[in-house]
Amino acid sequence: MAGAHPTPVDLTSQLGALERALTRMGISLLEEELPDEAHIDGGLCKVAGAMVLYITPSAPPWRRAEVLLDALRRLPHRDIWLPPEIRQLL
């Protein structure tokens, strides 16, 4: 059904696929509480020449998926395998 929210199982598998894709691309995923004044749940940045994706561990799964998708959109992802449902979200 178009526009329906994924079920928790679907979201869990999507999170796993997103995390695997980013780590295969050499991105380090770090869970760290970010300051409240930042008003973000995570983001991609370069630290000492390495790409790092910070994500707040308290972020709900749907928000975590948004942060991971946003990071993947900013990277060259055309040449890596992604499940079709993830590719559609990009």
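Since we're looking at a predicted model, the values are computed, not measured. For the single chain, residues carry numbers from 1 onward in sequence order.
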Once rounded to the nearest 0.5 Å, what's the spacing between atom CG of L29 and atom CD of E19?
6.0 Å

Output, in order, the C-alpha distance, side-chain angles, deciding distance and verdict of side chain to side chain contact (heavy atoms under 4.5 Å, CB included) for T56 and V67.
CA-CA 10 Å; T56 302; V67 171; over 6 Å; no

Evaluate the side-chain proximity of L72 to L82: yes if any heavy-atom separation is below 4.5 Å, no if none is.
yes

With a 6.0 Å cut-off (strictly less than), is the heavy-atom count around CZ of R74, excluding the residue itself, greater than 12?
no

Tightest non-hydrogen contact, residues L44 and A71, listed as CD2-O, 3.9 Å

So NZ of K46 and CD1 of I27: to nearest 0.5 Å the spacing works out to 9.5 Å

Q88 side, atom CD; E85 side, atom CD - distance, nearest 0.5 Å:
8.0 Å

CD1/I40 to CG/D70 distance, rounded to the nearest 0.5 angstrom?
10.0 Å

Side-chain heavy atoms of R64 within contact of D41, under 4.5 Å:
no

Taking only residues two or more places apart in sequence or in another chain, which ones pass side chain to side chain donor-acceptor pair (under 3.5 Å) with R20?
none

CD1 on I80 to CZ on R24, rounded to 0.5 Å:
5.5 Å

dist L69:CG -> L18:CG (nearest 0.5 Å) comes out at 4.5 Å

Do you know which two heavy atoms are closest between E32 and Y54, and how far apart they sit?
OE1-CE2, 3.7 Å

